Amino acid sequence: MNAQVFPISESMAPVVSNDAVNAEYFHLILEASAGMQAATPGQFFHLRCPGVSGESPLLRRPMSVYRVDRVRGHVEFLYKVTGAGTRGLATLQRGDSLDVFGPLGRGFQMAPETRHVLLVARGVGMATMAPLAESAQAAGARVTAILSARSPEFLMSNDYLKSVGAVTRAVYDADASSDMLHVEAMITALHAEQPIDLLATCGSNRLLQLVKQLGARFGIPGQVALEQHMGCAIGMCFCCVRAFRTAEKVTYRRVCCEGPVFDVRETLSW
Amino acid sequence: MNAQVFPISESMAPVVSNDAVNAEYFHLILEASAGMQAATPGQFFHLRCPGVSGESPLLRRPMSVYRVDRVRGHVEFLYKVTGAGTRGLATLQRGDSLDVFGPLGRGFQMAPETRHVLLVARGVGMATMAPLAESAQAAGARVTAILSARSPEFLMSNDYLKSVGAVTRAVYDADASSDMLHVEAMITALHAEQPIDLLATCGSNRLLQLVKQLGARFGIPGQVALEQHMGCAIGMCFCCVRAFRTAEKVTYRRVCCEGPVFDVRETLSW
Amino acid sequence: MVDLRVQIGSLTLENPIMPGSGTFGEQLASVLDVNRLGALVTKTITADIREGNPPPRIAEFKDSVLWSIGIPSKGPVHYVETLVPFYRQFTPPLVASISADTVEQFGELAARISVPGVKAIEANISCPNLKKDGNAFAMDPEATEQVIRAMKSATSLPVWAKLTPNVGDITVLARAAEVGGADALVVANAMLAMAIDIHTRRPRLGRVMGGLTGPATKPVILRMVYQCAHAVQIPIIGCGGVSSAGDAIEYMLAGATAVQVGTASFLSAGTMLKVVDGLRDYCETHHVGRIRDLTKAMVGPQEVRLEDALTV
Amino acid sequence: MVDLRVQIGSLTLENPIMPGSGTFGEQLASVLDVNRLGALVTKTITADIREGNPPPRIAEFKDSVLWSIGIPSKGPVHYVETLVPFYRQFTPPLVASISADTVEQFGELAARISVPGVKAIEANISCPNLKKDGNAFAMDPEATEQVIRAMKSATSLPVWAKLTPNVGDITVLARAAEVGGADALVVANAMLAMAIDIHTRRPRLGRVMGGLTGPATKPVILRMVYQCAHAVQIPIIGCGGVSSAGDAIEYMLAGATAVQVGTASFLSAGTMLKVVDGLRDYCETHHVGRIRDLTKAMVGPQEVRLEDALTV
Ligand SMILES: Cc1cc2nc3c(=O)[nH]c(=O)nc-3n(C[C@H](O)[C@H](O)[C@H](O)COP(=O)(O)OP(=O)(O)OC[C@H]3O[C@@H](n4cnc5c(N)ncnc54)[C@H](O)[C@@H]3O)c2cc1C
Ligand SMILES: Cc1cc2nc3c(=O)[nH]c(=O)nc-3n(C[C@H](O)[C@H](O)[C@H](O)COP(=O)(O)OP(=O)(O)OC[C@H]3O[C@@H](n4cnc5c(N)ncnc54)[C@H](O)[C@@H]3O)c2cc1C
Ligand SMILES: Cc1cc2nc3c(=O)[nH]c(=O)nc-3n(C[C@H](O)[C@H](O)[C@H](O)COP(=O)(O)O)c2cc1C
Ligand SMILES: Cc1cc2nc3c(=O)[nH]c(=O)nc-3n(C[C@H](O)[C@H](O)[C@H](O)COP(=O)(O)O)c2cc1C
Ligand code: FES
Ligand code: FES
């Protein structure tokens with residue numbers, strides 16, 4: 001009837017694999033339509049999670065794109081099992097299909113002249129930034145990633161980040177290297193080595209504060225991927241707001257469509 | 001704390017097998033506790049049916065005991081797949097467990113001196129009467145069963161009834177042998193051969209009417225197993241009523257606890 | 001040891017869990033140890049003998065059930081001569097539920113069933129008031145107050161007013177019952193609802209409309225309990241959609257002193273005992289010595305008000 | 001060919017399916033062909049600019065969702081200058097939803113947004129009436145009538161009154177809106193509800209109470225549509241828990257002329273189109289030539305009355 005093409009779509013994506021990465025995390029690979037593969041770094045999909053023993057969740061669950069593999073035609077996710085939805089996701093097996101809605105949201109914005117991107121994340125937060133590492137690298141920028149974790153066994157994405165050419169630095173709670181002062185010193189040193197022109201962070205309020213401070217100190221842009229509970233995921237329901245500070249006032253913004261990636265200068269801590 | 005034993009209980013019964021009998025019917029065999037095996041002919045269990053793709057039914061589903069196999073310690077059901085609940089039942093596999101509540105209801109009442117029991121049923125109705133065949137036979141009565149079905153492929157329980165020593169007669173819509181006049185003639189002939197002293201029926205309003213008439217004509221007791229949508233299945237919610245005629249008045253009775261087996265003389269047609 | 005006892009006016013319950021009227025019967029004693037319940041609430045009776053509504057009486061949804069039972073009743077003589085003696089073998093207090101067509105009849109029936117063995121009377125005022133256009137007593141504050149007052153002057157037993165959720169501002173009704181002298185409120189009865197079979201185009205219940213019960217109703221009734229708890233001083237018994245200890249605790253935090261379980265007992269007959277055990281576990285885990293300390297213990301929201309955010 | 005058109009007063013809709021206010025936005029045009037909808041209903045606006053309620057704004061249940069959004073509003077200027085022109089590219093009629101703190105402001109805002117491109121105005125009267133103790137307009141028949149009357153005299157556009165389900169007898173409100181001059185009723189808005197996190201003991205919404213929506217609410221709202229259809233002459237738009245064509249048909253059989261879809265569009269953005277397709281299929285299967293013939297087409301229950309049974 002009409003040949004309209006819609007940038008956002010709901011589709012059934014076949015599961016290629018869905019393997020446990022460690023005790024808490026799974027890595028899901030889906031066969032992706034061209035529309036799905038159009039996802040840019042920092043964007044997400046809204047997933048209809050299958051139910052476990054009848055507890056099929058009503059709402060979808062937002063999940064950042066961990067990787068778009070355009071060669072194989074895959075979209076990948078890295079997720080932590082926390083509640084009913086992600087428990088359901090974890091039951092997916094090769095041959096199943098997952099109902100995915102997207103790609104959604106406003107991702108990371110990298111100026112073309114960017115030369116050195118610093119990613120700093122904690123836990124599964126790195127999942128959200130992995131595509132940025134890949135695309136920054138592809139655009140000729142150097143990428144350094146600081147990964148913060150409880151201890152080495154909870155380190156995420158290290159190998160993948162290395163494989164796309166990022167230099168990674170792991171810091172741990174276990175040996176106190178994840179201490180903010182230490183991370184601050186690391187970033188300062190990295191900046192001295194080669195000026196950082198984009199700071200990106202996700203997954204920790206303390207890291208966000210640090211990025212905010214250092215961004216202000218060095219005069220470089222900082223971006224953060226935020227999370228909030230979602231309904232529609234496309235900006236219609238206004239349930240996913242967080243408070244932000246603009247020049248004039250404090251205001252609510254929708255994480256799903258005005259974000260999930262925001263300028264750190266406008267964020268508030270809470 | 002207390003060593004009370006309750007006649008009705010909720011238990012998780014391991015599935016021994018659950019095989020398709022034909023395109024519509026399944027035969028479910030459960031490992032049964034002693035309490036479950038205490039079920040008498042005409043009694044039923046209330047089953048928590050598992051969900052299929054998240055449509056797990058809230059209410060339980062009543063299901064007559066098809067057979068109690070006291071040698072193997074099994075309770076068996078024969079059921080037709082009709083809606084969400086029975087679709088869920090059909091997914092059960094050996095190794096699963098089913099939450100069963102029972103045994104429930106007032107079953108068939110057979111006087112000790114009974115010598116010839118006639119069962120007449122249509123479709124899955126025979127499932128409900130199969131245990132009566134077995135126990136009547138064991139009590140030394142002759143059992144004749146008239147099975148009515150659309151056509152031979154929908155015939156139920158014929159082999160099983162034969163195996164417990166019943167003489168079976170099949171009548172079909174396909175060749176018009178299931179016609180009421182024909183069935184009436186069959187029963188009249190059987191009664192002439194050896195007086196019937198208990199008529200039992202299930203699953204067809206027309207058969208019920210016939211049994212009622214013949215019972216009155218020959219002066220022999222008739223019993224019918226009825227169905228009604230159920231909530232609690234133990235007499236508390238009053239949702240499973242049907243109208244009955246007593247000497248004085250028309251009144252509602254609860255199928256779950258005043259039945260499911262009733263004296264045909266008190267039934268009304270609808 | 002957790003102290004599970006709660007106080008409903010002059011009545012001490014060993015624990016806060018009891019059945020909702022109409023969802024319990026003698027039969028449950030064949031399934032579980034009813035002595036472990038906080039109270040035994042029986043099905044509503046009327047002064048006359050009634051058969052109840054025409055079938056179909058039940059329709060099922062994903063997370064709720066729709067009923068049209070009416071009040072099949074064997075009358076007060078059967079109640080006093082058969083049920084009361086039967087329940088005497090059990091330790092939890094017996095609570096009789098009654099209904100009637102007029103204010104006066106509520107009083108008369110309350111008097112007739114005020115016999116030894118009955119410890120409180122619950123007024124099911126969700127039924128039509130025949131003297132007032134057939135609108136439910138519980139939808140009308142004046143009628144609510146009058147019914148409770150009539151019962152209170154007819155009996156010395158505690159009277160619980162069971163409110164209907166089919167109202168606008170429930171606090172108006174709650175206060176009316178309190179003014180009438182109610183010793184406690186039961187919040188609330190089933191929600192008026194209906195369903196149609198789109199293939200036959202017939203209503204799915206014989207009486208078209210019926211009462212919706214079960215888990216899906218909990219958020220609405222919980223809100224009503226919370227509102228009532230801020231409107232009256234008398235204890236509140238929460239009722240609607242409870243099927244786990246977590247649900248019961250939610251009601252207590254919102255302001256309930258005790259909780260009734262209905263539909264969930266049909267889904268699993270042992271639900272009430274599971275809830276009692278779960279309450280004990282919760283109290284142990286959360287170091288709550290006396291369960292009554294949970295009543296109205298909800299704390300404020302962790303708001304991120306824009307005004308506050310300014311000062312961060 | 002099935003005729004899916006329905007008539008809401010003077011407005012002809014190509015089919016009976018439209019979004020509920022607040023569950024639709026420009027964004028949906030990036031996902032589906034909005035020209036296939038019966039009407040386009042926009043999020044409620046107020047005369048002033050508002051940020052809406054503090055988060056958390058959402059809590060999920062098995063079959064319903066609890067929301068506390070408030071009315072984030074960019075005001076009438078943005079509406080008239082940005083949204084109306086945007087929606088002009090689409091064929092379905094644009095319905096503006098408005099809210100206000102007083103009767104007078106409802107009239108003023110209706111006048112301000114009565115611009116070419118807007119085809120009807122929906123009055124969201126579920127908000128607090130600041131001149132009357134903050135109780136919702138829609139809980140008060142007098143205020144309901146006044147709001148509609150004020151809007152009708154301020155605009156020549158059709159006015160739809162969106163009732164709240166948080167009332168006792170909804171027909172009183174329905175009639176008040178009809179007397180006030182409403183061209184149609186939307187039955188109904190979300191149900192007031194709440195939830196508590198038993199571990200933190202905090203309410204799960206920043207504003208404690210919120211609106212319950214989604215499939216679980218359907219049996220209650222359906223009953224209200226049925227009641228209203230027997231109380232007023234103006235068309236009714238059913239709204240509450242619709243997620244399939246079957247749900248929409250149920251509403252029509254109960255008395256609705258058209259149907260709004262809310263929460264279900266969040267669960268699957270294409271729901272409304274799936275419902276439209278399903279309506280066509282149902283009509284074809286059931287040989288319904290004109291979908292409007294389904295309105296109020298429920299037949300009586302197949303009752304087994306005891307009285308009747310006697311004659312069997
Ligand atoms: C834009 C975005 C990207 C995300 N990317 C990832 C990712 O790549 N990997 C990953 O492991 N997680 C990610 N999350 C978090 C993920 O959405 C939640 O862990 C998930 O929704 C939890 O669902 P659940 O049913 O398992 O848990 P439950 O706690 O049972 O969920 C209950 C409800 O709360 C919501 N919820 C709970 N936690 C969160 C959260 N942190 N953010 C938003 N909603 C939440 C759920 O969606 C659901 O509605 C992301 C969140 C957002 C907003
Ligand atoms: C005492 C008793 C014994 C029964 N024994 C058998 C048996 O041995 N074999 C068999 O195949 N069926 C039997 N039935 C019927 C069986 O209970 C229904 O087929 C089953 O409940 C259908 O559930 P569903 O979810 O698959 O169908 P749906 O139609 O989706 O069920 C919807 C609702 O209606 C109820 N319902 C539908 N049909 C019936 C019915 N005929 N009787 C009672 N409730 C019904 C369901 O329990 C459920 O609550 C018996 C019924 C009763 C009352
Ligand atoms: C089958 C059934 C019968 C009921 N009968 C009565 C009754 O006679 N009197 C009464 O006050 N409430 C009656 N109720 C309402 C319940 O007591 C209770 O208020 C309602 O079921 C809500 O609780 P739930 O969601 O836990 O089921 C009945 C409920 C059901 C399900
Ligand atoms: C996120 C959200 C926002 C809403 N905002 C409004 C609103 O601004 N104005 C209004 O009249 N109704 C609003 N509603 C109510 C819906 O229009 C609709 O009445 C309700 O969601 C019930 O329908 P449903 O069960 O299909 O969701 C909102 C509902 C939701 C879920
Ligand atoms: S989730 Fe609906 S606006 Fe963001
Ligand atoms: S099913 Fe509850 S009384 Fe029969």
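Owing to the predicted nature of the structure, the values given are computational and were not obtained by experimental measurement.
Interface summary for chain B: among C/Ser268, C/Ala269, C/Gly25, C/Gly22, the most heavy-atom pairs under 4.5 angstrom belong to C/Ser268. Contact count against chain C (heavy-atom pairs under 4.5 Å) is highest for B/Pro7 among B/Pro7, B/Cys257, B/Ala233. The candidate with the highest count of non-hydrogen atom pairs below 4.5 Å against chain C, out of B/Met230, B/Gln228, B/Arg60, B/His229, is B/Arg60. The most heavy-atom pairs under 4.5 Å with chain B, out of C/Asp63, C/Thr263, C/Leu32, come from C/Leu32.
Rounding to the nearest 0.5 Å places SG of B/Cys239 at 11.5 Å from CG of C/Leu66.
Residues B/Arg48 and C/Leu267 meet the side-chain proximity criterion, which asks for heavy atoms closer than 4.5 Å. At least one side-chain heavy atom of B/Phe238 sits under 4.5 Å from a side-chain heavy atom of C/Pro72. Residues B/Tyr252 and C/Arg57 are in side-chain contact: their nearest non-hydrogen atoms beyond the backbone lie under 4.5 Å apart.
Residue-environment remark: CZ (B/Arg94) stays at or below the threshold of 12 foreign heavy atoms within 6.0 Å. No more than 12 heavy atoms of other residues, nucleotides or ligands lie within 6.0 Å of CZ in B/Arg265, so this atom counts as exposed by the packing criterion. With a 6.0 Å radius and a threshold of 12 heavy atoms from other residues, nucleotides or ligands, B/Arg206 has its CZ atom at or below the threshold.
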Going through the checks in order, is the salt bridge (charged side-chain N to carboxylate O under 4.0 Å, His left out) test met by C/Glu51 and B/Arg253?
-> CA-CA 9 Å; C/Glu51 287 283 346; B/Arg253 291 211 181 123; over 6 Å; no
Passes side-chain contact (heavy atoms from CB on, under 4.5 Å), C/Ile69 versus B/Val241? Steps please.
-> CA-CA 9 Å; C/Ile69 307 292; B/Val241 298; over 6 Å; no
side-chain contact (heavy atoms from CB on, under 4.5 Å) between C/Lys62 and B/Leu58, worked out | CA-CA 6 Å; C/Lys62 198 168 173 191; B/Leu58 190 64; over 6 Å; no
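Of the atoms belonging to C/Ala59, not a single heavy atom falls under 4.5 Å from chain B. When heavy atoms are compared at a cutoff of 4.5 Å, C/Ser64 approaches chain B solely by way of its backbone atoms N, CA, C and O. Looking at C/Thr23, the atoms closer than 4.5 Å to chain B (heavy atoms on both sides) all sit in the backbone: N, CA, C or O. Proximity to chain B is absent for every atom of C/Asn35, based on heavy atoms less than 4.5 angstrom apart. At a 4.5 Å heavy-atom cutoff, the contact between B/Arg254 and chain C is made by side-chain atoms alone. If you measure heavy-atom distances from B/Phe101 to chain C, the contacts under 4.5 Å come from the side chain alone.
When all heavy atoms are compared, the tightest approach of C/Ser30 to B/Phe6 is O-CB, 3.2 Å. Nearest heavy-atom pair across C/Trp67 and B/Cys237 is CZ3-SG, 3.8 Å. Contact record, C/Gln27 with B/Ile234: CG-O, 2.7 Å, taken as the closest heavy-atom pair. The heavy-atom pair separating C/Ile58 from B/Leu59 by the smallest distance is CD1-CD1, 3.7 Å.
Side-chain N or O atoms of C/Glu60 include none that pairs as donor or acceptor with a backbone N or O of B/Pro57 at under 3.5 Å.
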